[in-house]
Amino acid sequence: MTDSASPARATPLRGLALGLGAFAVYATHDVAIKTLGGVYAPFQIMFFVVLFSFPFVSLMLLRSDVQDNLRPRMPLWTAVRTATVVLGGICAFYAFSVLPLTETYAILFTTPLMITLLSIPMLGEKVRLHRWIAVLMGLAGVLVVLRPGTAEMGPGHLAGLVAAFSSALSGVVMRKIGAVERREVLLLYPLLANFGIMLIILPFVYVPMPLRDLGLVLLIAVLAVLAMSLMIRAYSLADAAIVAPMQYSQIIWAALFGWMFFGETSGMTTFIGAGIIIASGVYIVLRETTGGSQHQPVLKTMHRRPEMGGAPRVGLVLPAPQDPVGRNRE
């Protein structure tokens, strides 16, 4: 009896461990972005990441069994999501390039707060007092990190906030149209838009890249695919409420990698502010799990990192088909 029950108990722990591993890989991915960002414009890095990501995405499309064209069923919302992916990718690449890793993550961790706010008008989500308090607490954490009036604010901070908002809007749009729009459309259109826009901008910012740096770009694409594969497996073994908060472990990797590779030493206020933001995000996830949330917008999108460049952090795991009010079909 004990033996037969053991695998069931071990499965959530395995899912949690794989989630931690996935976000550790993502953190390594971001170190590579920051390394290249010190030399090249975000547009150039994104162009080559897109270019090297095409084989992976093409393989996914070839494996699809959907017999249909690639014309969007909801073109307006697909265009909105595509625009948010492109804008968010540019801003996230820039933020990682110019800000300390811990500050960048602390700002990006505000995405669940923005998802909660956007889900009210866009999904009709009812946000009660407990979640409002969590949102306000998270916003207070942002003020602690940014310290307006006492610390110098730069374009990187604004870019990080725009990246967080773009990621939140993309996630809410995904919840809104995921029941109707096909995975292939949601994956391919942002990739093509990124490629086309970066190709237009590339001649104005291009700096020759040695083979070593091209290899680093390829590594970014490979790490993104590896991390997504780990996330898919993690969510097959454990509940989203267990795996999703594991993204906050990235603040630990940010502190370690920032110190090891870039000589960054973040102040205590950054960690205090990040802790407040993390606490509010975890509480929002718990309230969505136990408080009767109709759409669970944060829980259903939190595990999907912002799509940055061509390696889609959203797209391999899209929402399951839903009924009109947004609940997953069994």
Side-chain angles (χ1 to χ4, degrees), residues 15-40 42-60 85 88-97 99-102 104-105 108-109 111 160 163 167 170 187 190-191 194-195 198 209-236 243-244 246-262 264 302-318:
L16 186 149
L18 287 172
L20 284 172
F23 285 112
V25 173
Y26 273 135
T28 308
H29 169 287
D30 298 332
V31 168
I33 290 175
K34 186 172 181 63
T35 301
L36 291 171
V39 181
Y40 307 101
F43 310 102
Q44 180 171 342
I45 303 171
M46 289 177 65
F47 172 80
F48 284 104
V49 171
V50 169
L51 189 64
F52 290 150
S53 297
F54 265 118
F56 301 113
V57 177
S58 298
L59 180 61
M60 291 168 53
V85 170
I90 294 171
C91 290
F93 266 70
Y94 181 73
F96 274 116
S97 299
L99 294 180
L101 286 172
T102 51
T104 306
Y105 279 122
L108 294 179
F109 285 164
T111 298
S167 176
S170 176
L187 177 63
L191 188 71
N194 263 319
F195 183 81
M198 301 311 139
M209 301 183 79
L211 189 60
R212 181 193 65 182
D213 289 348
L214 287 172
L216 200 56
V217 175
L218 177 60
L219 179 64
I220 291 172
V222 172
L223 288 175
V225 173
L226 173 60
M228 286 187 292
S229 300
L230 290 173
M231 290 303 299
I232 292 170
R233 183 59 177 159
Y235 276 87
S236 71
V243 179
M246 294 306 102
Q247 75 159 320
Y248 294 124
S249 65
Q250 290 173 113
I251 198 70
I252 299 173
W253 294 112
L256 178 62
F257 290 158
W259 172 72
M260 287 176 57
F261 298 112
F262 308 107
E264 298 172 353
M302 195 172 166
H303 62 285
R304 292 185 287 270
R305 294 249 304 194
E307 287 166 294
M308 292 167 27
R313 303 189 185 196
V314 183
L316 284 183
V317 188
L318 296 179

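Note that the structure is predicted; figures quoted are calculated from it, not measured. Along the sequence shown, residues carry numbers from 1.
Under the 4.5 Å side-chain criterion, counting only non-hydrogen atoms from C-beta, Lys34 is not in contact with Asp30.
Not counting sequence neighbours, Thr104 has no partner by the side-chain hydrogen bond (donor to acceptor under 3.5 Å, both in side chains) test. For Phe47, the ring-ring contact (aromatic ring centres under 6.0 Å, His included) partners at least two apart in sequence or on another chain are Phe195. Here Ala255 pairs with Thr102, Phe271 under the side chain to side chain contact (heavy atoms under 4.5 Å, CB included) rule; sequence neighbours left out. Residues passing the ring-ring contact (aromatic ring centres under 6.0 Å, His included) test with Phe43: none are found, sequence neighbours excluded. In terms of the ring-ring contact (aromatic ring centres under 6.0 Å, His included) criterion, residue partners of Phe257 (sequence neighbours excluded) are, by chain and number, Trp253, Phe261.
The two residues Gly19 and Val243 come nearest to each other via the heavy atoms CA-CG1, 4.2 Å. When all heavy atoms are compared, the tightest approach of Ala227 to Val25 is CB-CG1, 3.8 Å. Between Leu20 and Met246 the shortest heavy-atom distance is CD2-SD, 3.6 Å. Contact record, Ala92 with Ala163: N-CB, 3.7 Å, taken as the closest heavy-atom pair. Listed here is the closest heavy atom pair of Leu18 and Arg233: CD1-CG, 3.3 Å.
We find the CZ-NE2 distance between Phe23 and His29 to be 12.5 Å, quoted to the nearest 0.5 Å. One distance of note links CE of Met46 with CG of Asn194; it measures 4.0 Å at 0.5 Å rounding. Here the CE-CG distance, from Met260 to Leu101, works out to 12.0 Å after rounding to the nearest 0.5 Å. Between atom OH of residue Tyr105 and atom OG of residue Ser249 there is a gap of 9.0 Å, rounded to the nearest 0.5 Å. Taking CZ of Phe48 as the start and CD1 of Ile45 as the end, the distance is 10.5 Å to the nearest 0.5 Å. Atoms CD and CG, from Gln44 and Leu36 in turn, are 9.0 Å apart once rounded to the nearest 0.5 Å.
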Can you give the donor-acceptor pairs under 3.5 Å from side chains of residues 210-225 to other protein atoms, not counting sequence neighbours?
residue	atom	partner	partner atom	Å
Asp213	OD2	Tyr40	OH	2.4

>> Apply side-chain contact (heavy atoms from CB on, under 4.5 Å) to residues Leu108 and Phe96 and explain how you reach the verdict.
In response: CA-CA 10 Å; Leu108 294 179; Phe96 274 116; 3.9 Å; yes
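Between the Ser97 side chain and the Phe93 main chain, a donor and an acceptor come within less than 3.5 Å of each other.
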